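Because the structure is a prediction, the values reported are computed rather than measured.
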Amino acid sequence: MMILITEFIGMTSALDFWGVPWNRGLIASFLVVLAVTLFRHVRQMEHLLLMLAVANLAFIPALFLLHPSIHTWHKALSGGFNHHIPFLLLSLAGNAITPWMIFWQQNAVWAGNVKNLSSGQKDIRTGILAQVFIATVVILIGALAAPVAVSGRNPLLWLQHYGGTTVAGLFAVGLFDAGFLAASTISVSSAWMVQEAFSQKLLAPNTSPTQGRFSILHIATLSVTAAVVLSPHLPTASLALWSQALGALWMPITLAMLGLIARDPQIMGQMVMPRRRQFLLGSVISLFVGLAVFSLVS
């Protein structure tokens with residue numbers, strides 16, 4: 001739920017930058033996410049989300065329009081290691097690889113959107129490349145504009161102060177779209193997990209988990225997380241970092257449980273995980289645990 005709160009903060013901040021009052025922007029963000037996640041068929045929902053994901057490309061012209069000087073590039077890419085870095089790396093890891101992404105892909109297979117193993121692997125590789133590219137662009141924008149700090153509720157103000165209204169406006173487009181996509185997929189994948197855990201009857205293929213008796217829980221979850229954003233003294237920066245860090249702390253548990261299932265030949269049959277990939281999975285789990293311990297010690 002903490003991650004959902006941060007997504008609503010991002011969407012509302014973008015609308016606030018465009019002149020929409022905070023409360024109205026929050027209501028609009030909530031209604032948009034609710035409308036899309038209540039689609040009856042997962043395939044249509046996913047196709048719509050993929051089409052709307054194109055708006056993330058707005059980050060690219062925002063970066064080029066910054067026109068940073070050589071001195072700015074040098075200052076952004078220089079600096080030393082301090083005690084804040086491990087926690088920032090943990091939060092970054094939690095943002096890049098989260099349990100709900102695994103749950104979404106897992107249930108996309110059941111929904112009929114992934115026809116075979118090779119197409120699923122291709123889908124994941126394409127998503128990884130796109131995510132890393134856009135994330136790199138966003139990080140560069142933040143690094144290049146970091147020397148300027150403007151206090152206020154909306155973090156887009158410092159970007160406007162440094163790069164101008166056009167840059168901040170393009171960033172707001174990407175920010176709203178990213179928050180919308182994340183809020184939609186997080187809430188739907190969470191509904192999938194609840195449905196699988198507490199329902200004795202499996203959903204029919206291509207049926208959204210937000211339908212039926214669990215729809216009330218889905219609507220309540222979105223309502224509560226959106227309502228939290230109404231707080232005028234919400235520590236948005238700290239909340240964003242901690243929510244992603246907690247996701248990273250939960251990731252080893254998720255990977256370990258899925259690894260135990262994937263290595264069991266009675267469950268997986270011919271698709272059982274080979275030893276080489278078991279070792280790779282163990283390495284990833286160790287990396288998450290090590291990063292968590294390092295951040296806590298630091």
Side-chain angles (χ1 to χ4, degrees), residues 3 6-22 25 28-29 49-82 84-97 126-183 229 234-245:
I3 298 179
T6 62
E7 307 306 343
F8 278 120
I9 291 173
M11 296 173 68
T12 308
S13 297
L15 294 177
D16 178 67
F17 178 80
W18 293 328
V20 181
W22 187 269
S29 302
L49 292 174
L50 285 173
M51 288 189 294
L52 295 176
V54 175
N56 268 237
L57 298 176
F59 288 123
I60 301 175
L63 174 61
F64 285 109
L65 289 175
L66 277 176
H67 301 300
S69 64
I70 299 298
H71 173 72
T72 304
W73 275 104
H74 180 266
K75 189 174 183 179
L77 300 177
S78 62
F81 190 91
N82 57 53
H84 296 295
I85 298 299
F87 181 70
L88 291 175
L89 290 175
L90 183 67
S91 298
L92 183 61
N95 177 268
I97 310 173
T126 304
I128 290 173
L129 291 175
Q131 183 193 33
V132 170
F133 175 74
I134 295 298
T136 302
V137 172
V138 173
I139 290 173
L140 285 175
I141 293 174
L144 293 170
V148 178
V150 178
S151 61
R153 188 175 191 180
N154 196 332
L156 288 168
L157 294 179
W158 59 261
L159 186 57
Q160 182 186 29
H161 185 79
Y162 178 81
T165 303
T166 302
V167 172
L170 287 169
F171 194 92
V173 172
L175 180 63
F176 181 89
D177 189 56
F180 162 70
L181 294 173
V229 184
L234 194 66
T236 55
S238 299
L239 183 63
L241 288 173
W242 272 105
S243 63
Q244 306 302 335

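Put simply, CG on Asp16 and CE on Met11 are 13.5 Å apart, with the number rounded to the nearest 0.5 Å. Summarising the geometry, atom OG1 belonging to Thr165 is positioned 11.0 Å from atom CG belonging to Leu156; distances are rounded to the nearest 0.5 Å. The structure places CG of Leu144 at 6.5 Å from CG of Leu63, a figure rounded to the nearest 0.5 Å.
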> Are Leu159 and Leu66 close enough, and set up right, to give a side chain to side chain contact (heavy atoms under 4.5 Å, CB included), and what steps lead you there?
Replying inline: CA-CA 9 Å; Leu159 186 57; Leu66 277 176; 4.3 Å; yes

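Minimum interatomic distance between Ala168 and Phe17 (heavy atoms only, all atoms of both residues): CB-CZ, 3.4 Å. When every heavy atom of Leu15 is checked against every heavy atom of Ala28, the shortest pair comes out as CD1-CB, 4.2 Å. Scanning all heavy atoms of the two residues, the minimum distance from Glu7 to Gly179 falls at OE1-CA, 3.5 Å.
Counting heavy atoms from C-beta on, the side chains of Pro86 and Leu90 never come closer than 4.5 Å. The shortest distance between side-chain heavy atoms of Gln244 and Ile3 falls below 4.5 Å.
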Check residues 170-177 and write down every donor-acceptor pair under 3.5 Å in which the side-chain atom is one partner and the other belongs to a residue at least two apart or another chain.
residue, atom, partner, partner atom, Å
Asp177, OD2, Asn56, N, 3.3
Asp177, OD2, Asn56, ND2, 2.4

Side chains of residues 128-142: which donor-acceptor pairs under 3.5 Å do they make with residues two or more places apart or in other chains?
residue, atom, partner, partner atom, Å
Gln131, NE2, Ala96, O, 3.2
Thr136, OG1, Val132, O, 2.7

